Structures are given as structure tokens and as C-alpha cells.
Amino acid sequence: MQGRVNRGIPVPHAQITPAPKLGPVADPPEGSSKLLIEMGPSHPAMHGTVKIRALLDGETIERADVDVGYLHRGFEKSCEASTWTMIFPYTDRLNYVSPLINNNAYAMAVEKLFGLEIPERAKYLRVIAAEMSRIGDHFTCVGASTMELGAFTVLLYLLECRDMMWDAVEELCGARMTVSYARIGGVVADLPPGFAERLLERIARMEHLLDDVEKLLTRNRIFIERTKGVGQMAAADAINWGWTGPCLRSTGVAYDVRRASPYDVYDRLDFDIPVGARGDNYDRYLVRMFEIRESIKILHQALAQIDDTPLAIMVDDPRVRLPDKDKVHTAIEELMNHFKIIIDGVQVPKGEAYAYCEGANGELGFYIVSDGGGRPLKIRCRPPCWPIMSSLQTLLEGTMIADMVPTFGSINMIGGECDR
């Protein structure tokens, strides 16, 4: 692993690897020694709807036709029939492993169109929520992808870590996965009493388990031989495909939205950006493990700094803020405002905006278009794992059949994001 990088700067374009052979994989001719197999769709290996039609030469994958399949969720179209506020639960389900980051990115886009500056405390709360989500996402990815190599003990350790983090998420917002924590103009709730102390206790236990996981894997000869040099992607090719996040950083490109285009309070926090060198399964593992430690470092700083901020967690703007319940029950003006925001929706100014943040898998962005009404005219999500998933064929061809499932797991494809 390389050292700290202050800003993510893409590497210059080098010689781009020739594009892979696209199109359906044809049946091998009769009498050929090559074998055509269908992998998926089955959730344990292919993450739901994905199907891979692979042509094998012995145990080597000669061709791989990847079909991402359909979930028929219709996120973007459903948003057009919902108010701006009603969309938050939909963003939860895009990446259900780190939903708090999805909430934040969508809220940032609407606030950008409004020209809203959220309170300082709300910024810290969003950072705390996002880093908790990032940690949980990395726990899930590393645990599942190493389990697919036979390291079942690691999965148990990291699922224990993830559940402790999700317990903290539940304390913060009342749910473990479908959180709906952010709001246009802030967040829904402040830290509960004693939250920081309990979270730091959980983190101490997590760090102990992380130490055990690293002892089990990082210098394990079997794990290294199964992951080093497998599923490689060159830096220039990764940029060409549109990679971001841990997968891009594993190739040596230190691009991280939190540093390259700071938002909330990330410019006040000290953290490192880990980068790899080979862009293989082993480097993707190392980058995620390093990032868990860095997110813990961010949480320590944010929890210490938030005490010095004013207590406001929402903007004091009646255009977007729901009135307090006691006033809704006693004042006609507050009741009318509550009714208008709920039924007609927040009236977002006419225009378009794009906002993005560093999701657990990379750059997560929302492009929104408003006609000045209470419902969006158009919403488009830039999911970080879609460009990476698009290049899966390149990662698989030339590798062994036994490496197909763990390589697929290492890119951390999330079906809800990939639904186009």
C-alpha cells in the first residue's frame, strides 16, 4: 500500500488495453474440447439477477458474456410520481448496505437547487452517518468475498462487526437498513444521549476483530495466492471504464470525492486515502480494510468536534421544514404549512442540479430536474458500481473458473443500484 495522498488526481492516460470481444458467446462447435456453462441467476454466487455465460478452455475462462438482468424496481420513474420528501425511502433501497450515504447524496442535490446551507451540526451528523454506513458496507463486502474463497471464519467475525455498527445506526435513526435519516435541509434527529460513548465502545471491539481478520488473511499464503494477480485492472483502463471508489484506488489512482471535492465537514477532518498498485483482488481487499480504519479515525474526530456546534439540525426555512407537532396541533398557520408540504410537496425552484459524494463503492451522484413543483420532473442516479460491473467481462476473461465468484464479489456489485 502507498502512503497518504492529499487530493485524488487521475493518472495520465496510458496505452489502453484493447476492448474485449463483446456480444453473445456462441456455442462451441461439435467435438470441441471447450465447455459452455451458464452461471446464475442465483443469489449466493451471482448476487440475484446476474447471469454469466462462460466459455471454458479447460479451467480457464476464454469468454464471459455478463448479463446484469432486471430487477424492475423503476427507481427513477417512481420518483416522478412522488414528492421530493417521499423519495428518501426509495434512495435507501438503491444500496441497502450503506443507505445513509444515499440519503445524503440525494438531499445534497435538492439543497443545491434550493441554495440551502444546512446547519453545522447537521453536516457533522451526516458525516457520522455516512462513515458508519461505509464501515458496514466494507464489512459486508470483505466478509462475503473472502467467504467465497473458503474463509468462513472471517465472514463470522466481520458480520459481528457489521451488526454492531447496524445496532448503532438503529440507535441513531430507528432502523438498521431502511433508514430515511437525512432530510432536505438537515437530518431528522440528533444523537441520542450517550450515543458517542456507546459507539466508541463498539468501535474498540471492532478494531480487535479487525486485527484478528488481518492476522487470518493479510499474510495468509493461500489467500494471497488466490487473490494476487487475479481480476487485475490497469489504472488507465479503470479510468476509461469510469471506475471510482475502492476499486479505482486499488489501481493506484487516489481519487476520493471527500478529498477532491470536499462537502459537509470533510475538509476539517484528517484522514488518509489508501491506494494499491496492481488493481487486483488482493489490493481491493487491502484498500477496503485500510478504509475501515480511516473511517474509524473520521468518526473519532467528528464525535469530538460535534460538541462545539449549535444544536440546530434543520434549516429554519418554512419552505422545507415541517412545523413542530405541538404547533401543528395548536396553530392554523402551522397546520396549513404541514398540510401543504405533505400533500403538495416541497416546492423546489425550477432548474437542474447534480450533486455527488463518496459512496462506499465510489462516486454516487444524483442529477435532478425541477419544473418548480412539488415532484421532480426527472431524477437520474449515477450508481458507483454500474461502471465497475460493466467491466466484469474484462476482469474475468483469462482467469480460472474457480476465481469467477470471488472476483465478482470483490467489485461489490449492488443490484439495486444497477437497475437501469
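Position 1 is the first residue of the sequence; numbering continues from there. Quantities reported herein were computed from a predicted structural model and do not represent experimental measurements. Atoms considered below: every heavy atom in the structure, side chains included; atoms not considered: hydrogens, waters and symmetry mates.
Asn412 and Asn361 share a donor-acceptor pair across their side chains, judged by distance under 3.5 Å alone. At a cut-off of 3.5 Å, with distance as the only test, a side-chain donor of Asn103 or Asp92 sits close to an acceptor on the other residue. In this model, no donor atom of one side chain and acceptor atom of the other lie less than 3.5 Å apart for Asp280 and Ser250. Between the side chains of Tyr263 and Glu358, no donor-acceptor pair is found at a separation under 3.5 Å. No donor-acceptor contact under 3.5 angstrom links the side chains of Gln301 and Gln305, judged on distance only. Asn102 and Thr91 are not linked by any side-chain donor-acceptor pair at a separation below 3.5 angstrom, with hydrogens and angles left out of the test.
With Tyr367 contributing its side chain and Glu352 its backbone, the two residues share no donor-acceptor pair below 3.5 Å. At least one donor-acceptor pair closer than 3.5 Å links the side chain of Thr49 to the backbone N or O of Val68. Judged by distance alone, the side chain of Arg121 and the main-chain N or O of Gly186 form no donor-acceptor pair under 3.5 Å. Proximity of a side-chain donor or acceptor of Glu76 to a complementary backbone N or O of Cys381 within less than 3.5 Å is detected. The backbone N or O of Ala64 sits less than 3.5 Å from a side-chain atom of Glu397, completing a donor-acceptor pair. For Thr83 (side chain) and Met86 (main-chain N/O), a donor-acceptor pair under 3.5 Å exists by modelled atom type. A donor-acceptor pair under 3.5 Å links the side-chain atoms of Arg284 to the main chain of Gly279, judged by distance alone. Formation of a donor-acceptor pair under 3.5 Å by the Arg183 side chain with backbone atoms of Ser180 is found in this model.
Ser370 meets the side chain to side chain contact (heavy atoms under 4.5 Å, CB included) test with Trp84, Leu113, Val348; sequence neighbours excluded. Here Met289 pairs with Val142, Leu210, Val213, Glu214, Tyr285, Ile292 under the side chain to side chain contact (heavy atoms under 4.5 Å, CB included) rule; sequence neighbours left out. Partners of Tyr356 according to the ring-ring contact (aromatic ring centres under 6.0 Å, His included) rule, which considers only residues two or more places apart in sequence or in another chain, are Tyr354. Considering only residues two or more places apart in sequence or on other chains, Asp317 meets the salt bridge (charged side-chain N to carboxylate O under 4.0 Å, His left out) condition with Arg319. Applying the side chain to side chain contact (heavy atoms under 4.5 Å, CB included) criterion to Ser390, with sequence neighbours excluded, gives Trp241, Trp386. Partners of Phe408 by ring-ring contact (aromatic ring centres under 6.0 Å, His included), not counting sequence neighbours, listed by chain and number: His47. Under the salt bridge (charged side-chain N to carboxylate O under 4.0 Å, His left out) criterion, Arg375 pairs with no residue at all, not counting sequence neighbours. In this structure Asp264 satisfies the salt bridge (charged side-chain N to carboxylate O under 4.0 Å, His left out) test with no other residue, sequence neighbours excluded. Every residue meeting the salt bridge (charged side-chain N to carboxylate O under 4.0 Å, His left out) condition with Glu160, not counting sequence neighbours, appears here in chain and number order: Arg205.
Sorted by first and then second residue, the salt bridge (Lys or Arg N to Asp or Glu O under 4.0 Å) pairs involving residues 126-136 (not counting sequence neighbours) are Glu111-Arg126, Glu131-Arg134, Glu131-Arg258. Annotation: salt bridge (Lys or Arg N to Asp or Glu O under 4.0 Å) contacts involving residues 297-309, sequence neighbours excluded, comprise Asp272-Lys297, Glu294-Lys297. Residue pairs meeting the salt bridge (Lys or Arg N to Asp or Glu O under 4.0 Å) criterion with at least one partner in residues 398-411, sequence neighbours excluded, are Arg226-Asp403.
Gln347 is not listed as a side-chain neighbour of Ile341, based on a closest heavy-atom distance of 4.5 Å or more. Leu159 has its side chain within reach of Arg162: a pair of non-hydrogen atoms, C-beta onward, lies under 4.5 Å apart. In this structure, the side chains of Phe195 and Leu172 come closer than 4.5 Å at one or more pairs of heavy atoms. Within the 4.5 Å cutoff, no side-chain heavy atoms of Val169 are placed close to those of Ser133. The closest side-chain heavy-atom distance from Arg382 to Pro387 is below 4.5 Å. Taking 4.5 Å as the limit, every side-chain heavy atom of Glu225 sits out of range of all side-chain heavy atoms of Asn220. In this structure, the side chains of Val154 and Leu217 come closer than 4.5 Å at one or more pairs of heavy atoms. Side-chain contact between Leu158 and Thr140: absent, with no pair of heavy atoms (C-beta onward) separated by less than 4.5 Å.
No salt bridge links Glu117 with Lys112; every basic N to acidic carboxylate O contact stays at or beyond 4.0 Å. For Arg249 and Asp256, the salt-bridge test passes: some basic side-chain N is under 4.0 Å from an acidic carboxylate O. Salt bridge status for Asp67 with Lys51: absent, with no side-chain N to carboxylate O gap under 4.0 Å. With respect to Lys77 and Glu80, a salt bridge is recorded, a charged nitrogen being found less than 4.0 Å from a carboxylate O. For Asp371 and Lys378, the salt-bridge test fails: no basic side-chain N is under 4.0 Å from an acidic carboxylate O.
Going from atom SG of Cys79 over to atom CZ of Arg380 covers 12.0 Å, rounded to the nearest 0.5 Å. A distance of 14.0 Å separates CE in Met39 from CG in Asp65, rounded to the nearest 0.5 Å. A distance of 8.5 Å separates OG in Ser410 from CG in Leu392, rounded to the nearest 0.5 Å. Taking OG1 of Thr60 as the reference point, atom CD1 of Ile401 lies at 10.0 Å (rounded to 0.5 Å). For the atom pair CG of Asn95 and SG of Cys385, the computed distance is 7.0 Å after rounding to the nearest 0.5 Å. Atom CD1 of Ile388 and atom CD1 of Ile411 lie 7.0 Å apart (nearest 0.5 Å).
Residue Asp316 qualifies as open at atom CG: its count of foreign heavy atoms under 6.0 Å is 12 or below. By the neighbour-count criterion of 12 heavy atoms within 6.0 Å, atom OH of Tyr157 is sparsely surrounded, having that number or fewer from other residues, nucleotides or ligands. No more than 12 heavy atoms of other residues, nucleotides or ligands sit less than 6.0 Å from atom CD of Glu59. Within a 6.0 Å sphere centred on CG of Leu156, other residues, nucleotides and ligands contribute more than 12 heavy atoms.
Considering Ile203, Leu200, Val127 in turn, Ile203 is the only one that fulfils the side chain to side chain contact (heavy atoms under 4.5 Å, CB included) rule with Leu299.
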Can you list the steps and then say if Phe88 with Thr178 is a side chain to side chain contact (heavy atoms under 4.5 Å, CB included)? CA-CA 10 Å; Phe88 279 103; Thr178 51; over 6 Å; no
Intermediate values then yes/no, salt bridge (charged side-chain N to carboxylate O under 4.0 Å, His left out), Glu417 and Arg93: CA-CA 8 Å; Glu417 284 187 348; Arg93 283 125 176 114; over 6 Å; no
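Looking at every heavy atom in both residues, Pro99 comes nearest to Val97 through CD-C, 3.4 Å.
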